[in-house]
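Worksheet: one structure, shown below.
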Amino acid sequence: MKRRLAGPAVAGMVAAGLLLTACSSDGEGGDGAAAPIEGADGAGEATQEPEPEPEETEENSTPGDDGIDRPEIRVADELELVFEEPETEDPVERAIILDSQRQFEAVFAQMTTQDVENSAVGFYTAGNALLDDLEALGRIADRGRSSGGVMRFYQYDAEVLDEESALVSFCREFTRVHAVDFDSRETVEEADPGALPTHYVARLELNEGGVWQTHEKESEVDSEKC
């Protein structure tokens, strides 16, 4: 799996369309017409002391550091997902954004590997979003296609609605994403360098296991918000 967190210098999900490439859509539409999400508005000989263990920081932390037993997510080597590092220092907002990123990563892991048994989609997705994603993933698998290249996610913003719900908005840029045949791994559709980004808004809810699951998603293609 290739997953890279990009800092602010690198910067500037799938209810309305899980776009397979910059030119083709296999989602629920792609026109951004999903129902609005509720809430979206010294001397001498010295002895050498052992070096102290480095303190845990956000940079060297891993998904398992929060004590949650998370599934491993493996995206096929052909596709690299680049996620913008959350700018907020608020631990709750960071957790919300990171789980939102993992949700999208899980979707593309299943799409590029078609490994249903080890899919993490159900771990990070629930409600209508889960039904929509599974339906879209099924259609993509039936077409026998996948994606390759580099896909970038940026401009993240989290809004905490209450102790168990939140909204996350962000953008997806895919000008370097091309379509590949799943079996042969050959390119069947070139990337579109002029493709405009898609803006997403997702509603997440905190489950009993401490995971912020995505319950609803809507998107706006060719968005001026990005």
Side-chain angles (χ1 to χ4, degrees), residues 3-19 27-41 57-59 61 63 65-68 70 73 81-108 120-133 151-174 196-226:
R3 186 184 200 274
R4 182 154 54 91
L5 283 177
V10 179
M13 259 159 96
V14 166
L18 213 179
L19 295 181
E28 287 65 49
D31 55 2
I37 296 176
E38 182 181 355
D41 315 302
T57 66
E58 293 295 343
E59 293 183 356
S61 64
D65 292 333
D66 53 11
I68 299 175
R70 299 176 181 273
I73 302 177
L81 305 182
V82 181
F83 293 94
E84 177 186 77
E85 174 73 18
E87 294 184 358
T88 178
E89 297 299 326
D90 182 272
V92 175
E93 293 180 353
R94 286 186 63 88
I96 292 167
I97 292 174
L98 290 174
D99 275 350
S100 174
Q101 292 178 348
R102 293 170 186 137
Q103 193 278 335
F104 223 103
E105 189 176 17
V107 168
F108 280 96
V121 175
F123 189 87
Y124 292 105
T125 323
N128 291 331
L130 179 59
L131 297 176
D132 292 339
D133 283 354
M151 187 179 296
R152 188 168 66 93
F153 300 79
Y154 62 101
Q155 201 169 301
Y156 277 90
D157 182 67
E159 178 185 353
V160 179
L161 302 178
D162 52 48
E163 292 183 354
E164 297 183 350
S165 63
L167 296 178
V168 174
S169 62
F170 58 95
C171 298
R172 179 167 67 104
E173 182 267 320
F174 41 91
L196 296 177
T198 298
H199 181 263
Y200 294 88
V201 177
R203 181 183 177 89
L204 288 75
E205 296 183 13
L206 185 65
N207 69 9
E208 295 181 354
V211 177
W212 286 93
Q213 291 182 310
T214 297
H215 279 248
E216 297 178 82
K217 288 184 287 185
E218 62 179 27
S219 65
E220 180 183 8
V221 299
D222 300 344
S223 178
E224 297 181 355
K225 298 176 183 178
C226 299

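Index from 1, following the sequence. Keep in mind it's a predicted model, so treat the numbers as computed, not measured.
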Is it true that a side-chain atom of Q155 and a backbone atom of K225 form a donor plus acceptor pair closer than 3.5 Å?
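Flag set: sc Q155 to bb K225 pair under 3.5 Å.
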Taking all non-hydrogen atoms of both residues, which atom of [X] and which atom of [Y] are closest, and how far apart?
X: L130; Y: G122; answer: CD1-CA, 4.1 Å
X: E84; Y: Q101; answer: O-NE2, 3.0 Å
X: E216; Y: A129; answer: N-CB, 3.9 Å

Could you pull out all residues at least two apart from E173 that satisfy salt bridge (Lys or Arg N to Asp or Glu O under 4.0 Å)?
R152
Name the residue from L81, V121, I73 that meets the side-chain contact (heavy atoms from CB on, under 4.5 Å) definition with F108.
L81
Distance in Å, [X] [atom1] paired with [Y] [atom2], rounded so as to fall on 0.5 Å steps:
X: R172; Y: T198; atom1: CZ; atom2: OG1; result: 5.5 Å
X: H199; Y: D222; atom1: NE2; atom2: CG; result: 13.5 Å
X: T88; Y: D157; atom1: OG1; atom2: CG; result: 9.0 Å
X: N128; Y: D133; atom1: CG; atom2: CG; result: 11.0 Å
X: S100; Y: L167; atom1: OG; atom2: CG; result: 10.5 Å
X: E87; Y: I97; atom1: CD; atom2: CD1; result: 9.0 Å

Given D99, which partner from the list R94, R70, Q213 fulfils the side chain to side chain donor-acceptor pair (under 3.5 Å) test?
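Of the listed residues R94, R70, Q213, the side chain to side chain donor-acceptor pair (under 3.5 Å) partner of D99 is R70.
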Whether E159 and R203 form a salt bridge (side-chain N of Lys/Arg under 4.0 Å from carboxylate O of Asp/Glu) is what I want to check.
no
Are T214 and Y124 side-chain neighbours, meaning at least one heavy-atom pair lies under 4.5 Å?
no
Donor-acceptor pairs under 3.5 Å, side chain of residues 204-212 to any protein atom, not counting sequence neighbours: which ones?
{"residue": "N207", "atom": "OD1", "partner": "G209", "partner atom": "N", "Å": "2.9"}
{"residue": "N207", "atom": "OD1", "partner": "G210", "partner atom": "N", "Å": "3.0"}
{"residue": "N207", "atom": "OD1", "partner": "V211", "partner atom": "N", "Å": "2.8"}

On the 0 to 90° scale, with breaks at 30° and 60°, tag the F104-F170 ring pair as parallel, tilted or perpendicular.
perpendicular
